[in-house]
Amino acid sequence: MRILQDFELSFQRELKSIYDNDEIKSIFLLVVEELLGIKRIAYQLNKGDSVSETDSVRFLDILQDLKKSRPIQYILNRADFYGELFEVNESVLIPRQETEELVDLIIKTHTDSSGLKVIDIGTGSGCIPIILSKYLNEAKVTTVDISKEAIHTAQKNAQRLGQPVHFINADILEWDYIFSDQQYDIIVSNPPYITPKEKQQMQQNVLDYEPALALFIEESAPLIFYDVISSFALKHLVPDGDLYFEINQYLGFETKDLIEKKGFQQVQLIKDIHGADRIIHAKKKA
Ligand SMILES: C[S@@+](CC[C@H](N)C(=O)[O-])C[C@H]1O[C@@H](n2cnc3c(N)ncnc32)[C@H](O)[C@@H]1O
C-alpha cells in the first residue's frame, strides 16, 4: 500500500513540465484536503499515512486530468474567492486574485454607506456580486451575463452563500433594449478584455479550458466593453456615482482616456499587487 507522501512525489514528477514546484505542492495539498479532509497545515503530520485503494485511484485520476493541463479548480469544481468557496465549472471563469483586489477596493471605499444599488456586468461564477452583497451594508445587487450556464452556476453560489443577488441573463451590448430607468450607485465590471494576439503568452490550461466568451474580444475593438459599459453608466449611474472596471494591463492609458472622454471625473488608474495597471475607478459628474 502507498503512503500519502508517495503521491506527492508522483505529482512532483509528473507535473513538473506544466507547473513549478510551489504550484504543484499547492495543488497537491488541495487534492489531499478534498479527498481525505486533511488540512494543509496538518499535512506534515499525516504524510506517512497509508492511502486506501479507493483513494489511490482517485489521486491517480486527478493526476491524469492535471497532466492534460485541466485547472485544479475545474477538476474539484471549487475555487476560493475573498475567503468564500465558489462552485466553478468550464462555463465560468476561475475567479482571479486581481478581481479580489477590485472587490476589496469597492468594499473599503463604500464601507460607510448603506442600501447602495449596485450592478455588476459579466457575472461568471458570481464572485463579484455575491461578495459585494455580503460585505456592503444592505446593498441591493444585480448582475448581468450573456451566458445562461454562468448565470445558473452563479445562482447556485448565491443560494449556498445566502446572498439575495438579482440575476439578468442578457447581452450588455444591447443594454438600451433591456434597461429602462433603473439607477445605480455603483457599476462594476470585469468584462472580457484579452486580444487574440495575447493568446501566445497565455498558459495552455487557460486557453484549453476557460470559456472563450469570458476572456476574448476582437483585435479590432479591444475596448468595446469599456466603451459600451461607460455609455450605459452615463445613463444609469446616479450623479456622483462610482464606476469600477478591471482592465487589460496593456491598455491602461487607452482605457483611462476613453473613460475621461466620455465625461467621467476623477478617473484613477490603479495598479494590482504585481504593479500592473489593473483597475479603473471613475466618478460620474455630481
Ligand atoms: C472576464 S469574465 C468575468 C467573470 C467574473 N465577473 C469574474 O470576475 O470572475 C467576463 C464575463 O462576461 C460575460 N460576457 C461576455 N460577453 C458578454 C455580453 N455581451 N454581455 C454580458 N455578459 C457578457 C462572460 O460570459 C463572462 O462571464
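Note that ligands are numbered from 1 as they come in the structure, with each ligand's atoms numbered from 1 the same way.
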(request) Kindly assign one of parallel, tilted or perpendicular to the pair Y244 and H281, based on the angle between their ring planes and the thresholds 30° and 60°. (result) parallel

(request) Quick one: sort the F7 and F59 rings into parallel, tilted or perpendicular, breaks at 30° and 60°. (result) parallel

(request) Name all residues meeting the ring pair (Phe, Tyr, Trp, His ring centres under 6.0 Å) criterion together with Y74; count only those two or more places apart in sequence or in a different chain, and write none if there are none. (result) none

Contact table, ligand 1 N/O with protein N/O, distance under 3.5 Å:
from, atom 1, to, atom 2, distance (Å)
ligand 1, 6 (N), G122, O, 2.7
ligand 1, 8 (O), N190, ND2, 2.9
ligand 1, 19 (N), D171, OD1, 2.8
ligand 1, 20 (N), I172, N, 2.9
ligand 1, 22 (N), I146, N, 3.2
ligand 1, 25 (O), D145, OD1, 2.7
ligand 1, 25 (O), D145, OD2, 3.4
ligand 1, 27 (O), G124, N, 3.3
ligand 1, 27 (O), D145, OD2, 2.6

(message) I'd like to know if the side chain of D80 pairs up with that of Q73 as donor and acceptor (distance under 3.5 Å, no hydrogens or angles considered).
(response) no

(request) Please go through L9's hydrophobic cluster and name the other residues, only I, L, V, M, F, W, Y counting, with side-chain heavy atoms under 4.5 Å joining them. (result) none

(message) Taking transitive links into account, so neighbours of neighbours count too, which hydrophobic residues share a cluster with M1 at under 4.5 Å side-chain distance?
(response) none

